[in-house]
Amino acid sequence: MPRLPEPRSPMSIVVPDRSRHVRFGVATVAIALLLAVTGCSADSTPSPTVTPPDAAPSASASTAAEPATPAAPALVPGGSAADNLPVFTATVNAVWAGPDQVSGRAYIDALVGAGFDKSAMQVTSDSSTVGNPAESIQFSVLWGTECLVGQVGPATGTAVSVVLPALAEGGCLIGETRPIDW
């Protein structure tokens with residue numbers, strides 16, 4: 001029979017930690033009580049609703065009850081940048097949801113398709129100075145004294161759209177942008 005090592009002092013005796021077992025027991029009892037209370041609550045099965053034959057809905061009543069599909073945001077040519085942020089954001093999100101997530105041209109083309117003026121736009125490069133894919137790209141539309149600015153890419157994790165003041169020297173983006181010549 002193998003011999004167990006003798007403790008060196010009475011302080012070195014290991015006492016099993018029962019707190020984990022107590023916590024598990026308390027959690028188990030709490031879950032059981034929750035299930036018991038939920039099971040004892042009012043009948044959770046819906047009772048059938050009987051409609052008398054003379055109260056059957058008409059075709060016009062069912063049409064009126066259908067929820068209206070929200071209209072897609074539209075460009076507001078005489079509006080502010082803030083007025084046009086919803087259509088800018090919807091356009092950016094649509095491109096972001098597609099296969100060309102990090103293609104500046106895809107965003108510019110989609111914004112033109114939504115009615116924005118291509119000559120008022122700026123976009124950064126899709127690649128870094130050493131040829132790697134850009135961590136993020138930015139694009140903008142100058143709208144009066146404000147800018148609609150979008151940023152997308154792996155570094156952002158999601159599409160971002162904001163309204164910012166235009167730069168004092170004109171334009172919206174600081175740094176190098178690429179020509180929009182297509």
Side-chain angles (χ1 to χ4, degrees), residues 17 19-24 26-28 30-31 34-35 38 44 46 59 61-182:
D17 179 14
S19 63
R20 181 174 50 164
H21 299 291
V22 171
R23 285 190 305 250
F24 178 76
V26 170
T28 304
I31 291 171
L34 179 65
L35 291 173
T38 304
S44 61
S62 66
T63 304
E66 292 177 16
T69 304
L75 190 70
V76 183
S80 66
D83 293 336
N84 287 292
L85 184 60
V87 69
F88 183 87
T89 300
T91 304
V92 169
N93 287 340
V95 176
W96 178 252
D100 295 323
Q101 287 185 334
V102 194
S103 168
R105 182 174 182 155
Y107 291 94
I108 298 302
D109 291 347
L111 290 167
V112 169
F116 289 99
D117 180 9
K118 188 185 232 182
S119 68
M121 296 184 193
Q122 291 179 288
V123 64
T124 60
S125 180
D126 295 351
S127 59
S128 70
T129 56
V130 294
N132 292 328
E135 287 294 313
S136 71
I137 60 170
Q138 295 180 353
F139 41 88
S140 64
V141 178
L142 180 62
W143 195 273
T145 60
E146 296 181 302
C147 296
L148 294 154
V149 179
Q151 183 173 358
V152 295
T156 63
T158 188
V160 178
S161 300
V162 295
V163 174
L164 297 172
L167 300 172
E169 62 274 0
C172 300
L173 301 180
I174 297 174
E176 190 175 332
T177 60
R178 73 182 213 201
I180 302 173
D181 55 5
W182 60 90

Chemist: Ignoring hydrogens and angles, write down the donor-acceptor pairs under 3.5 Å from the side chains of residues 155-166, residues two or more places apart or on other chains.
Modeler:
residue, atom, partner, partner atom, Å
Thr156, OG1, Gly153, N, 3.2
Thr156, OG1, Gly153, O, 2.9
Thr156, OG1, Thr158, O, 2.9

Chemist: Would you list the pairs meeting disulfide (SG to SG under 2.5 Å) in which at least one residue belongs to residues 79-108, sequence neighbours left out?
Modeler: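 Residue pairs with at least one partner in residues 79-108: there are none.
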
Chemist: Can you give me every donor-acceptor pair (side chain of residues 82-96, partner residue at least two apart or in another chain, under 3.5 Å) with its distance?
Modeler:
residue, atom, partner, partner atom, Å
Asp83, OD2, Ser80, N, 2.9
Asp83, OD2, Ser80, OG, 3.3
Asn84, OD1, Val76, N, 2.5
Asn84, ND2, Val76, O, 2.9
Asn84, ND2, Ser80, O, 3.0
Thr89, OG1, Leu85, O, 2.9
Thr91, OG1, Val87, O, 2.7
Asn93, ND2, Thr89, O, 3.4

Chemist: Which residues satisfy the side chain to side chain contact (heavy atoms under 4.5 Å, CB included) test with Ser119, sequence neighbours excluded?
Modeler: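 Residues passing side chain to side chain contact (heavy atoms under 4.5 Å, CB included) with Ser119: Asp117.
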
Chemist: So which pairs with a foot in residues 91-132 pass disulfide (SG to SG under 2.5 Å), sequence neighbours left out?
Modeler: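 As it turns out, there is no disulfide (SG to SG under 2.5 Å) pair with a partner in residues 91-132 once direct neighbours are skipped.
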
Chemist: For Leu173 versus Ser140, what's the shortest heavy-atom pair and its separation?
Modeler: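 Closest approach of Leu173 to Ser140: CG-OG, 3.6 Å.
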
Chemist: Could you pull out the closest heavy-atom pair between Val152 and Gln101, with the gap in Å?
Modeler: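 For Val152 and Gln101, the tightest heavy-atom pair comes out as CG2-O, 3.5 Å.
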
Chemist: Taking disulfide (SG to SG under 2.5 Å) as the cut-off, I'd like each qualifying pair that reaches into residues 72-121, sequence neighbours left out, listed once.
Modeler: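 Every candidate disulfide (SG to SG under 2.5 Å) pair involving residues 72-121 fails, so no pair, neighbours aside, qualifies.
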
Chemist: Who pairs with Ser136 by side-chain hydrogen bond (donor to acceptor under 3.5 Å, both in side chains), at least two apart in sequence or on another chain?
Modeler: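 With neighbours one apart ignored, the set is Gln151.
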
Chemist: Could you go through residues 175-182 and list every donor-acceptor pair under 3.5 Å that involves a side-chain atom there, pairing it with any protein atom two or more places apart or in another chain?
Modeler:
residue, atom, partner, partner atom, Å
Arg178, NH1, Asp126, OD1, 3.3
Arg178, NH1, Asp126, OD2, 3.3
Trp182, NE1, Asp109, OD1, 2.7

Chemist: Enumerate the disulfide (SG to SG under 2.5 Å) contacts for residues 145-182, please, sequence neighbours excluded, ordered by first and then second residue.
Modeler: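 Non-adjacent pairs meeting disulfide (SG to SG under 2.5 Å): Cys147-Cys172.
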
Chemist: Sequence neighbours excluded, which residues qualify as salt bridge (Lys or Arg N to Asp or Glu O under 4.0 Å) partners of Asp100?
Modeler: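 Testing Asp100 for salt bridge (Lys or Arg N to Asp or Glu O under 4.0 Å), a comparison that skips the adjacent residues, returns none.
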
Chemist: With rounding to the nearest 0.5 angstrom, report the CG to CE distance, Leu148 to Met121.
Modeler: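 Rounded to the nearest 0.5 Å, the CG-CE separation comes to 9.5 Å.
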
